[in-house]
Student: 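This is the structure I have questions about; it appears just below.
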Amino acid sequence: MAPTERVEVAIVGGGPAGATLAARLARAGREVILYERAPTWHWRAGGVFASPAAVDALRRAGVPEAILSAVTRPIPAMRVETRAGTTFRLTYGTERGGPPAVGFDRSALDPALLELARTAGAEVRTGSTITSLDLDSGRLRGRGSGGDIHVRAEVIVGADGPRSLVANAAGVARSARLAARLGLTYHLADEGGAAVRDARMHLIPDGYIGLAPVPGERVNVGIVLGPSWRATVGAAGARSVAAALIGTIPPATDDPAAWRHGEPLDRVEGAWPVGHRVTRRAGHRWILIGDAAGFLDPFTGEGLHRALVSSELAAAAIGGHGRGRHGAFAAYERAMTRRFLAKDVVSGLVQAFLARPALFEYAARRIASRPEVRATMGLVMGDLIPAGRALDPRFLATLLAP
């Protein structure tokens, strides 16, 4: 049996949350090992469209401007298109002089963040799969390229996504309260993709299609399908269903949509169920960040921003814990609740409206015709102002009044 290594912090999962946390902790002098199961980067379901808040979070994590420029493509707005033909644009504050939203090249961003962690002094072990752990003792076991993994950590971080091994070991993983939905995502070639144009959120029966231009003359496609699609996808296959749905997307003034007829540039990745929750985000010697800490709704977006904020808050909590601060992990739990509870309520309301197309159409027409309401919604969806602004009775009255 291999000897047991000892480390201050073990991070399971090398996505943006895990990588930026490793970088922060290493810079602060913490001993960190990050375990990422993939030996090299490959496309898997993940957010690519983000408001300027996510770019600011990456800056705070120490990502250089040259890398940010290389991995992002400016997007003027997210255009929401209802089944009845109503359209409105969420600009995330650009009409007030703010920076635009972006589409990320995850094939460049994710490796860059792992390299950021390495440069900061964290030990990054790719091709390493953690298979079991004991949170009470801090023991992790698994298999890596160098053989068996036997580690004992003072703190274990779950940054391992919606099916988090850490969350399951802690007994806190739960199903989302929304009906189980299927997510499909991939890229299409976008010839002439240098043109500046909006991202699009196109509603379909019991689902929606998100389209975001990203670097490299590509369009990222994200499709979320409700329960009524399960039999169709099972019979026809994910790739065929995705191609048929993309073929229904109409051209737009800024988007001739020639990409609709191209072949996928990568495998159509599936995620099921889309959305999950946890009853707690931290315990005695463990903490959850990123999607492992709960994910509700791709429609309102900003999963990437939430992941980066959770990394930031977790770094402060782990630092406090290392200095003997009692209740540091409980403070992380409270901080995440304060930061995102109102946004989760807004996301739940959006889903309630989506489940009733006539109600969503009613709200969409009012958003389209009321600039101040539309501007506020864009800032809330982009995490640029407190989400509680969208729950203010005066705002709701302005939104829903005839």
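Just so we're clear, the structure is a prediction, and the values are computed from it rather than from any experiment.
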Student: Just checking R6: does its CZ atom have more than 12 heavy atoms from other residues, nucleotides or ligands closer to it than 6.0 angstrom?
Tutor: no
Student: How far apart are the C-alpha atoms of F295 and R306, what are their side-chain angles, what is the distance that settles it, and do they pass the side-chain contact (heavy atoms from CB on, under 4.5 Å) test?
Tutor: CA-CA 9 Å; F295 182 72; R306 181 183 298 223; 5.9 Å; no
Student: For R174 and H276, does a side-chain donor sit closer than 3.5 Å to a side-chain acceptor?
Tutor: no
Student: So, the side chain of T94 versus the backbone of T91: is there a donor-acceptor pair under 3.5 Å, distance only?
Tutor: yes
Student: To the nearest 0.5 Å, how far apart are OG in S51 and CD1 in I75?
Tutor: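 If I round to the nearest 0.5 Å, the distance is 11.0 Å.
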Student: Can you tell me if S310 uses its side chain to pair, donor with acceptor, with the backbone of A307 under 3.5 Å?
Tutor: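 Indeed, once roles are kept as given, a pair shorter than 3.5 Å links the two residues.
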Student: Heavy atoms, side chains only, cut-off 4.5 Å: are L68 and R59 in contact?
Tutor: yes
Student: Can you tell me if D266 uses its side chain to pair, donor with acceptor, with the backbone of H187 under 3.5 Å?
Tutor: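 Yes, because the side chain of D266 sits within donor-acceptor range (under 3.5 Å) of the backbone of H187.
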Student: If I compare all heavy atoms of L109 with all of V71, which pair ends up nearest, and what's the gap?
Tutor: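 Shortest heavy-atom separation between L109 and V71 comes out as N-CG1, 3.8 Å.
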Student: When you check the gap from the basic side-chain N to the acidic O, do R370 and E372 get nearer than 4.0 Å?
Tutor: no
Student: For M381, is there any backbone N or O sitting under 3.5 Å from a side-chain donor or acceptor partner on Y92?
Tutor: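 Judged by distance alone, no pair lies under 3.5 Å.
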Student: Looking at every non-hydrogen atom in both residues, tell me the closest pair between M201 and G210 and how far apart they are.
Tutor: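 Minimum heavy-atom separation between M201 and G210: SD-CA, 3.9 Å.
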Student: Just how far is it from atom CG of L188 to atom CD1 of I246, taken to the nearest 0.5 Å?
Tutor: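 Atom-to-atom, L188:CG and I246:CD1 are 6.5 Å apart.
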Student: Measure the shortest side-chain to side-chain distance between H305 and K343 over non-hydrogen atoms and say whether it is less than 4.5 angstrom.
Tutor: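 A side-chain contact under 4.5 Å is absent here.
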Student: From F360 CZ over to T86 OG1, what is the distance, rounded to the nearest 0.5 angstrom?
Tutor: 9.5 Å
Student: What's the verdict on salt bridge (Lys or Arg N to Asp or Glu O under 4.0 Å) for R44 and E269, showing C-alpha distance, side-chain angles and the deciding distance?
Tutor: CA-CA 6 Å; R44 56 191 177 194; E269 284 286 335; over 6 Å; no
Student: Short question: side chain of S128, backbone of G144 - any donor-acceptor pair under 3.5 Å?
Tutor: no
Student: With a 4.5 Å limit on heavy-atom distance, are the side chains of V346 and L391 in contact?
Tutor: yes
Student: Which value, rounded to the nearest 0.5 Å, describes the distance between L288 atom CG and D291 atom CG?
Tutor: 11.5 Å
Student: Any donor-acceptor pair under 3.5 Å linking the side chain of D254 with the backbone of R197?
Tutor: no
Student: Using a strict cut-off of less than 4.0 Å between a Lys/Arg side-chain nitrogen and an Asp/Glu carboxylate oxygen, indicate whether R73 and E217 qualify as a salt bridge.
Tutor: no
Student: Stepwise, does the side-chain contact (heavy atoms from CB on, under 4.5 Å) test hold for T185 with V48?
Tutor: CA-CA 10 Å; T185 181; V48 300; over 6 Å; no
Student: With rounding to the nearest 0.5 Å, note down the distance linking CZ in R27 to OG1 in T119.
Tutor: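 Between atom CZ of R27 and atom OG1 of T119 there are 9.5 Å.
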Student: Mind checking whether R339 and D383 have side chains closer than 4.5 Å, heavy atoms only?
Tutor: yes
Student: Are any non-hydrogen side-chain atoms of D148 and R143 less than 4.5 angstrom apart?
Tutor: yes
Student: Can you find a heavy atom in the side chain of R106 that is under 4.5 Å from one in the side chain of W43?
Tutor: yes
Student: So among V157, L114, L25, T126, which one has a side-chain contact (heavy atoms from CB on, under 4.5 Å) with L34?
Tutor: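 Passing option: L114.
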Student: State whether the side chain of S164 and the backbone N or O of D160 hold a donor-acceptor pair below 3.5 Å, judged by distance alone.
Tutor: no
Student: Does R200 reach the main-chain N or O of M78 with its side chain, forming a donor-acceptor pair under 3.5 Å?
Tutor: no
Student: Is there a side-chain contact between V221 and L211 (heavy atoms, below 4.5 Å)?
Tutor: yes
Student: Show, in sequence, the C-alpha distance, side-chain angles and deciding distance for V12 and L165, and conclude whether the side-chain contact (heavy atoms from CB on, under 4.5 Å) test is met.
Tutor: CA-CA 9 Å; V12 184; L165 180 69; 5.5 Å; no
Student: Pick out which of R139, R152, R125 makes a salt bridge (Lys or Arg N to Asp or Glu O under 4.0 Å) with E5.
Tutor: R125
Student: Does R389 have more than 12 heavy atoms from other residues, nucleotides or ligands lying within 6.0 Å of its CZ?
Tutor: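 No.
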Student: Fit a plane to each ring of H321 and F329, take the angle between them on a 0 to 90° scale, and name the class: parallel (under 30°), tilted (30 to 60°) or perpendicular (over 60°).
Tutor: parallel
Student: For the residue pair A282 and E333, what are the closest heavy atoms and their distance?
Tutor: N-OE1, 3.4 Å
Student: Which pair of non-hydrogen atoms, one from A61 and one from T20, has the smallest distance, and what is that distance?
Tutor: CB-CG2, 3.9 Å
Student: Check whether any side-chain heavy atom of M377 sits under 4.5 Å from a side-chain heavy atom of F395, and report yes or no.
Tutor: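 M377 reaches F395 side chain to side chain.
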Student: Is it true that R277 and D344 have a side-chain N and a carboxylate O under 4.0 angstrom from each other?
Tutor: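 No.
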Student: Please report the closest heavy-atom contact between A153 and A10, naming both atoms and the distance.
Tutor: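 Minimum heavy-atom separation between A153 and A10: CB-CB, 3.7 Å.
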Student: Look at the side chain of R285 and the backbone N and O of I156, then say whether any donor-acceptor pair between them is shorter than 3.5 Å.
Tutor: no
Student: Measuring from R141:CZ to T4:OG1, what's the distance to the nearest 0.5 Å?
Tutor: 6.5 Å
Student: Do R366 and Y362 form a cation-pi contact, if we require the NZ or CZ to be under 6.0 Å from the six-membered ring centre and within 45 degrees of the ring's axis?
Tutor: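 Relative to the ring axis of Y362, which defines the angle, R366 lies inside both limits.
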Student: Yes or no on side-chain contact (heavy atoms from CB on, under 4.5 Å) for V373 and F88, after CA distance, side-chain angles and deciding distance?
Tutor: CA-CA 11 Å; V373 169; F88 61 87; over 6 Å; no
Student: For the side chain of D105 and the backbone of P215, is there at least one donor-acceptor N/O pair under 3.5 Å apart?
Tutor: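 Not at all, since once roles are kept as given, no pair shorter than 3.5 Å links the two residues.
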Student: Between P213 and D198, what is the shortest heavy-atom contact and its length?
Tutor: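 Result for this residue pair: CD-O, 4.0 Å.
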